[in-house]
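We name chains A, B, ... by the order of the sequence lines, and we start the count at 1 in each one.
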Protein chains: 2
Amino acid sequence: MSASEIERTRVPRRRDAQERRHRLIVAAQREFAARGVDASLERIAREADVAIGTLYRHFPTRLDLLLAALEPRVREFLDGSEKALQIDDPWGAFVSYLENLFRVQAGDRGFNDFLSRRFPGSEETERIHDEMCRQIDDVLTRAQKAGAVRADITLADIVNLIWSNGRMIDATSTTAPNAWRRQLFLMLDAYRAEAAHAIPEPPMSEKQLYDAMVHLSTAD
Amino acid sequence: MSASEIERTRVPRRRDAQERRHRLIVAAQREFAARGVDASLERIAREADVAIGTLYRHFPTRLDLLLAALEPRVREFLDGSEKALQIDDPWGAFVSYLENLFRVQAGDRGFNDFLSRRFPGSEETERIHDEMCRQIDDVLTRAQKAGAVRADITLADIVNLIWSNGRMIDATSTTAPNAWRRQLFLMLDAYRAEAAHAIPEPPMSEKQLYDAMVHLSTAD
DNA sequence: TCGGAAGCCGAGGACCCCCTCCGGTGCCCG
DNA sequence: CGGGCACCGGAGGGGGTCCTCGGCTTCCGA
């Protein structure tokens, strides 16, 4: 996090300001969780019972507020990741990692959107994404070396699965909130080394993957 | 199609009106294809060089215009479906059906959105969706009876795959336009009977599935 | 206690979208 | 060729969103 970003989102000195900042974060968590990253800032201010100008005073950009709101989710996710990465069995670690990731993703539409996109302007979010990619690469490679996961799978394929899962969640969150698990376990059967059949399409390159993630945050 | 719907979207008598109607459909095809079913109607009118009031005169509801615009896509899809359904080999028919579906889906964001959603108000769209579900059920059951596709797969799982694929396409259409094929062939390995491992989550019920599709068209 | 600075409010400009309504236009048929 | 009616245009009302800015309030430290 750069100095200017720390400056932008620091906790203010005055009591009343701290209180309002807190109310904003709580409202933002609710709204982002329910409506995704593109939730209305004016609505969040209204929900927090705070004027729109005050929201902008505390969080000059949408990303500032989003990061403050998602912080607990990110921590929850990273905690679960760490546990998964410590599992000895490579296949178990792989499964556990994805299950944790998707569980957190399913609980918060904002986090869901956040996972699928890249925000090239922000060091902070790039850092989180890079860390996640590193972890996936880790757990995936280990499972492949152990012969548990087929060799022709790439980081990009896992990100594709994250996108897919995100869409599943959007569709089913209110009607069948656990449906994503079925889709995940189905896909796991495709990842098993013994299931492998040749795929008539090469994996996405890193650049293609990155551009696609940026695309999701700029389209429309 | 009910009488009132035929009435609403019939081709007008006057030359100039026919001409404008045609321009509207062409612009709508471009816009829906590029921006999905929520494309701006005012923008479509602008692109067609027609006043907004005229658009509403020809197409009283968004769905009227959407159906007129998607008509070629729907036909393209149904033609391909028919060919796939006639393939003797049950697994081949199954693969071919999905490949055709996804190919058309990938070429048009409006059709992509349309496939994932249900519009309970419209007989016409319900008819198309019902027909598609019937076909999927057909090709799926046949492949299962032949022992090619695992028995624990449901229509709902295929619809889940359609959602997933839709998201893939949204993400990759500009950067890796064929990436969806990779994801499809990966998933096919999960569908193979010999790949089956127990799934710790039951399939969605028909009602859950229907509600989820409606949810996608009403959310936000 | 009290004044200055930190902080708050919300009107308002700039966009965007949906949809209606009705005065005016121009096609086509008799 | 002329009148009637199908048709067209586009202003305008009603909503929303983002974000700014300057007058007003409130806290808190000296």
Does B:Ser40 put a side-chain nitrogen or oxygen below 4.0 Å from OP1 or OP2 of C:dC18?
yes
Measure [atom1]/[X] against [atom2]/[N] and give the value in whole Å, please.
X: B:Arg35; N: C:dC17; atom1: CZ; atom2: P; answer: 9 Å
X: B:Glu19; N: C:dC27; atom1: CD; atom2: C1'; answer: 14 Å
X: B:Asp38; N: C:dC16; atom1: CG; atom2: C1'; answer: 14 Å
X: A:Leu55; N: C:dG10; atom1: CG; atom2: C1'; answer: 13 Å
X: B:Glu47; N: C:dC17; atom1: CD; atom2: P; answer: 11 Å

The side chain of B:Arg15 lies closest to which of these nucleotides: D:dC18, C:dC19, C:dC28?
C:dC28
Considering only D:dT20, D:dT17, C:dC19, which nucleotide approaches the side chain of A:Arg46 most closely?
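Of D:dT20, D:dT17, C:dC19, D:dT17 is nearest to the side chain of A:Arg46.
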B:Glu19, CD atom: more than 12 neighbouring heavy atoms under 6.0 Å
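Check passes, neighbour count above 12.
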Base contacts versus sugar-phosphate-only contacts with protein, heavy atoms under 4.0 Å: please encode nucleotides 1-14 of chain D as B, S and - from 5' to 3'.
-----BSSBBB---
Residue pair B:Gln183 / A:Asp157: nearest heavy atoms and the distance that separates them:
OE1-O, 4.4 Å
B:Leu188 to B:Phe94 - nearest heavy-atom pair and separation
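Smallest heavy-atom distance, with atoms named: CD2-CE2, 4.0 Å.
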Below 30° counts as parallel, above 60° as perpendicular, anything between as tilted: where do the rings of A:Phe77 and A:Tyr97 land?
perpendicular
Distance from B:Leu184 atom CG to A:Glu201 atom CD, nearest 0.5 Å?
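Between B:Leu184 CG and A:Glu201 CD, I get 10.5 Å after rounding to 0.5 Å.
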Looking at every strand, decide which applies to B:Arg62 at a 4.0 Å heavy-atom threshold: base, sugar-phosphate, or nothing.
sugar-phosphate
Out of B:Arg43, B:Arg109, B:Arg117, which residue meets the salt bridge (Lys or Arg N to Asp or Glu O under 4.0 Å) rule with B:Asp38?
B:Arg117
